Amino acid sequence: MIALKTELKKSIYRILKQKYPIQIDELELSYTPDIKMGDLALSFPFRLAKKLKKNPRIIAEETSPLLSSLNIIKRVDVAGGGYINLFINRKAYFLKRLKTADESSLSADESKVIVEHTSINPNKAAHIGHLRNSCLGDTLARCQKYKGEKVEIQNYIDDTGVQVADVVFGFLEVEKKTLEEIKKIKGKFDYYCWDLYTKTTQFLQNNPEAEERKSEILKNIEDGKHPESDIALYISRRILKDHLRTMQRLGITYDLQVCESDIIKLKFWESAFNLLKAKKAAYFVDKGKHKGCWVMKLKGKTDQEKILVRSNGTVTYVGKDIAYQLWKFGLLQKDFFFIPFIKQNNKTVWITSSVKTSHTVDFGNASSVYNVIDIRQSYPQKVVAQGLKSLKFLRQAEKSIHFSYEMVALSSNSLKELGYKVTEDEKNKGFLEVSGRKGLGIKADDLIDRLNQKAFNEVNKRNPEWSDKKKSETAKNIACGALRYFMLKFARNSLIIFDFEDVLSFEGETGPYLQYTLVRINSIFSKLKNTKNITKEEIISKISAQKLSLDSMPDEELDDFWELVLYASKLDEEVLHSIDTLEFLHLAKFTFNLCQKFNAYYHKYSIIQEENELLRNARILTISYIYKIIKKALDLMGIPQPERM
RNA sequence: ACGCCUGUAGCUCAGCAGGAUAGAGCGAUGGAUUCCUAAUCCAUAGGUCGCCGGUUCGAAUCCGGCCAGGCGUACCA
């Protein structure tokens, strides 16, 4: 629809500009509230009314006859106080859409887009909050690829941070384990560390004197040569693999893992620091509360100083992030080395290295960077962009996009189910934020397991004759679809109050509803194959678009058919809108609405039973078009598509 | 204190690049299965769009003020 709209706008502008004082961007082409009123609506008469001091309705009546010559427009109506409604030539448009359904009408704007998402501290298992991040990031990446962008997905590993140090401390000082003993731990290591992390946090609260030892560990880890850094490396790598495994259960994969330890070892910060010092963007403080620190001033704020280098000489997260951000844009004049880390879907996932390797791969050098990070980090993310701005990398600062989203909190029901004892204060709030430190949260793998189990039961109810393998594969697809749709259906500014009942629902506005719609279409095609012995592809090519006849359709069906097709043709527009606003609920809700419209159509119009061949063929072409669009939309959201369920 | 965000149906949320009659899911009530998978569909009930003012031909949408809630303003990330 995007292509048609731009084409129409140009033509309308060409017609109008000779007689009326109007700009092309004043020509808004929107949709009518009801398809009976027309397909596309023009509201420019309202704008012209002011300039010409004339009644908008009169302007509409005057201009509408001029538009009757428009290509693919069948009829032009004046409606309401001054709208001009356009009726598209249904057959011509549908034939065009059938032919081009596999192509996207969008085009790339960037040389490369980097999407950084997931970025979980490698010291514990992933939880539902992290899932929101990864689902949003992965969907953004998929949509950008569909748009035509070259996309690189990075996962940032803070393997030298405080959180890892906590767990190293826990192993060494609470559990008194050696590296060899840690390596012998069997089972899910991320789960083991989840519990250890909570235990350690408590220990440190009860033994504040131990903080000194923890700081020592942190320094040893940062230093990178001490044996304790080997422990940190082992822990963070092993947990990273657990995280990647969890995400792969949802079809989420990566191109590159970027390690903070390598940023330190390769002295990225020094390079960034030199740049900042040279441009006087960072300066040394010799008195006051920030004495001994290197700081950056925040523009627009009074006296706001953000510390980049602490008085003890260590670099803050923000400092390292500025260096990382510069590298993402290819502005650092330094590069990582890379080694293969694991394989995902037969594709190599790379990891950074500080040691020279023979691999020649090309990462970074993006023209646009999305950092998917929760909303609480808005401030440091602003500082990062400000850092680029201070260095006069204005375009890159503009293209440093913080894709922020609200948190996932736990409903009081969920808390009860987890057996968490709420305090009075927490009770009044009604919900509670997930906290890795407190060990409060729903682990991603536990949730996926639970979804799998529930989906398995449902599949088993409907298809008891299937093999267990088939049942469980289908169940996994349904579970994944349910979870991914759930994570996308909320606006990113909306705090998700997580409740098991909501996420475990497979009816109504859910992923399985969308999957089920596709399954029904599949079923029609397989029935057609059984009765007529022709495959989906054969059917479609046999009833080639040229043979399409809408003449046999009664008026009511023609309207229903058209409403469905017109709505489906908005996919590209919805994808673009989702990317522009970073709100993927637009895509989600569009797909859901399309499925609703299809399900209503499905109920009303039979295909296999229909004896009028022309009518049947028209319906087959209709559903095959809808099928393609729904499939594409689900792909963009990472929702799997089982053949049957 | 300052900054950002939120307030729409009983509940969970869309709509907020101003546009025609404010929508969906869940829940409630009633109905549809000899017929392509009922994980579905149809119908009914349910609204001072937090409050007050302004801009406009037109405001849930933009602006100002107020009320209520969340988050942020660390030598944490």
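Only this structure's heavy atoms are used, side chains among them; waters, hydrogens and symmetry mates stay out. Predicted model, so just to flag it, every value in this text is computed and none were measured.
Distances were taken from every side-chain heavy atom of A:Phe490 (C-beta onward) to each of B:rU12, B:rC35, B:rA39; the shortest belongs to B:rU12. Distances from the side chain of A:Glu507 to the nucleotides B:rU21, B:rC76, B:rU40 place B:rU40 closest. Across B:rA20, B:rU40, B:rG15, the shortest atom-to-atom separation from the side chain of A:Ala41 is found for B:rA20. When the nucleotides B:rA24, B:rG18, B:rA39 are ranked by their closest atom to the side chain of A:Phe592, B:rA24 comes out on top. In this structure, the nucleotide among B:rA77, B:rA14, B:rU40 sitting nearest to the side chain of A:Asn599 is B:rU40. Nearest to the side-chain atoms of A:Asn493 among the listed nucleotides B:rC75, B:rC41, B:rU6 stands B:rU6. With B:rU21, B:rA14, B:rG19 as the candidates, the nucleotide lying closest to the side chain of A:Asp34 is B:rU21. In this structure, the nucleotide among B:rA39, B:rU21, B:rA38 sitting nearest to the side chain of A:Tyr602 is B:rA38. Closest to the side chain of A:Ile608, out of B:rC36, B:rA20, B:rC75, is B:rC36. In this structure, of B:rA20, B:rC71, B:rC35, it is B:rC35 that holds the atom nearest to the side chain of A:Gln609.
As a whole-Å value, the separation of A:Phe44 CZ from B:rG19 C1' is 15 Å. In this entry the distance linking CG of A:Asp499 with P of B:rC13 reads 11 Å, nearest Å. We find that CZ of A:Arg492 is positioned 16 Å from P of B:rC4, with the value rounded to whole Å. In this structure, A:Leu514 atom CG and B:rU40 atom P are separated by 11 Å, rounded to whole Å. Distance CD1 (A:Ile375) to P (B:rG69): 19 Å, rounded to an integer number of Å. In this structure, the CG atom of A:Leu29 is 15 Å from the P atom of B:rG19, given to the nearest Å. Between the C1' atom of B:rA39 and the CZ atom of A:Phe456 lies a distance of 17 Å, rounded to the nearest Å. Residue A:Ile521 contributes atom CD1, which lies 13 Å from atom C1' of B:rU40 at whole-angstrom precision.
A heavy-atom distance below 4.5 Å is found between the side chains of A:Gln596 and A:Tyr513. Within the 4.5 Å cutoff, the side chain of A:Ile264 has no heavy atoms near those of the A:Trp269 side chain.
Contact annotation for A:Val162: backbone-only contact, meaning every heavy-atom pair under 4.0 Å involves sugar-phosphate atoms and none involves a base. Within the 4.0 angstrom heavy-atom criterion, base atoms lie near A:Val459. Counting non-hydrogen atoms under 4.0 angstrom, A:Lys291 reaches a base of the nucleic acid. The residue A:Lys289 sits close to a base: some heavy atom pair falls under 4.0 Å. As judged by a 4.0 angstrom heavy-atom cut-off over every strand, A:Gln377 is placed among the base-contacting residues. Using a 4.0 Å heavy-atom distance criterion, A:Ser378 is classed as making no nucleic acid contact. Among the atoms of the strands shown, only primed sugar atoms or phosphate atoms (P, OP1, OP2) are found under 4.0 Å from some heavy atom of A:Asp158. Residue A:Pro56 is classed as having no contact, given no heavy-atom separation below 4.0 Å to the nucleic acid. If you check every strand for non-hydrogen atoms under 4.0 Å, A:Ile373 touches nothing. When heavy atoms are screened at a 4.0 angstrom cut-off, A:Phe590 is found touching no nucleic acid atom at all. A:Met645 comes within 4.0 angstrom of a nucleotide base, judged by non-hydrogen atoms across all strands.
Side chain of A:Asp159 to backbone of A:Cys259: no donor-acceptor contact under 3.5 angstrom is found. Counting only distance, with no hydrogens or angles, the side chain of A:Lys471 and the backbone of A:Pro464 share a donor-acceptor pair below 3.5 Å. A donor-acceptor pair is defined here as one N or O able to donate and one able to accept, closer than 3.5 Å; such a pair exists between the side chain of A:Arg462 and the backbone of A:Glu458. Checked by atom type and distance alone, the side chain of A:His130 pairs as donor or acceptor with a backbone atom of A:His127 at under 3.5 Å. Distance alone, capped at 3.5 Å, is enough to place a donor-acceptor pair between the A:Tyr485 side chain and the A:Ala588 backbone.
The residues A:Glu557 and A:Lys604 are annotated as not salt-bridged, no charged nitrogen and carboxylate oxygen being separated by less than 4.0 angstrom. Between A:Lys320 and A:Asp158 there is no salt bridge, since none of the side-chain N atoms of the basic residue sits less than 4.0 Å from a carboxylate O of the acidic one.
In terms of position along RNA chain B, the nucleotide closest to A:Met37 lies nearer the 5' end than the nucleotide closest to the other residue of the pair A:Met37 and A:Glu458. In terms of position along RNA chain B, the nucleotide closest to A:Gly80 lies nearer the 5' end than the nucleotide closest to the other residue of the pair A:Lys320 and A:Gly80.
Residue A:His603 has no polar side-chain atom (N or O) positioned under 4.0 Å from OP1 or OP2 of B:rU40. Between A:Gln596 and the phosphate of B:rG25, there is a side-chain N or O to OP1/OP2 separation shorter than 4.0 Å. Listed pair A:Arg376 / B:rG70 fails the phosphate criterion, with no side-chain N or O lying under 4.0 Å from OP1 or OP2. At B:rG58, none of the side-chain N or O atoms of A:Arg47 fall inside 4.0 Å of OP1 or OP2 (strictly under the cut-off). Taking only side-chain nitrogens and oxygens, A:Tyr513 comes nearer than 4.0 Å to OP1 or OP2 of B:rC41.
The ring of A:His577 lies on top of the base of B:rA17, close enough and flat enough: under 5.5 Å between centres, under 30° between planes. Judged by ring centres under 5.5 Å apart and planes tilted less than 30 degrees, A:Tyr83 fails to stack against the six-membered base ring of B:rG19.
When the C1' atom is compared between B:rG30 and B:rC35, the two are found 23 Å apart, to the nearest whole Å. B:rU48 and B:rG54 have their P atoms separated by 22 Å, given to the nearest Å. When the P atom is compared between B:rA68 and B:rC62, the two are found 23 Å apart, to the nearest whole Å. As rounded to the nearest Å, B:rA24 and B:rA77 have C1' atoms that lie 38 Å from one another. The same atom, C1', is picked in B:rC51 and in B:rG69; the two are 15 Å apart, to the nearest Å. When the C1' atom is used for both B:rA60 and B:rA14, the distance is 12 Å, rounded to whole Å. Comparing the P positions of B:rG70 and B:rG23 gives an interatomic distance of 32 Å, to the nearest angstrom. Rounded to whole Å, the P atom of B:rA1 lies 36 Å from the corresponding atom of B:rG19.
A donor-acceptor contact under 3.5 Å links the side chain of A:Asn85 to the base of B:rA20. Below the 3.5 angstrom threshold, one finds no donor paired with an acceptor across the side chain of A:Ser494 and the base of B:rC13.
Helical stems involving RNA chain B, defined as 3 or more consecutive Watson-Crick or G-U pairs under 3.5 Å, span B:1-7 with B:67-73, B:10-13 with B:23-26, B:28-32 with B:40-44, B:50-54 with B:62-66.
A:Thr118 and A:Ser134 share a donor-acceptor pair across their side chains, judged by distance under 3.5 Å alone.
For the pair A:Lys454 and A:Phe506, the cation-pi criterion (under 6.0 Å, within 45° of the ring axis) is fulfilled. By the 6.0 Å and 45° rule, A:Lys570 stacks over the aromatic ring of A:Tyr31.
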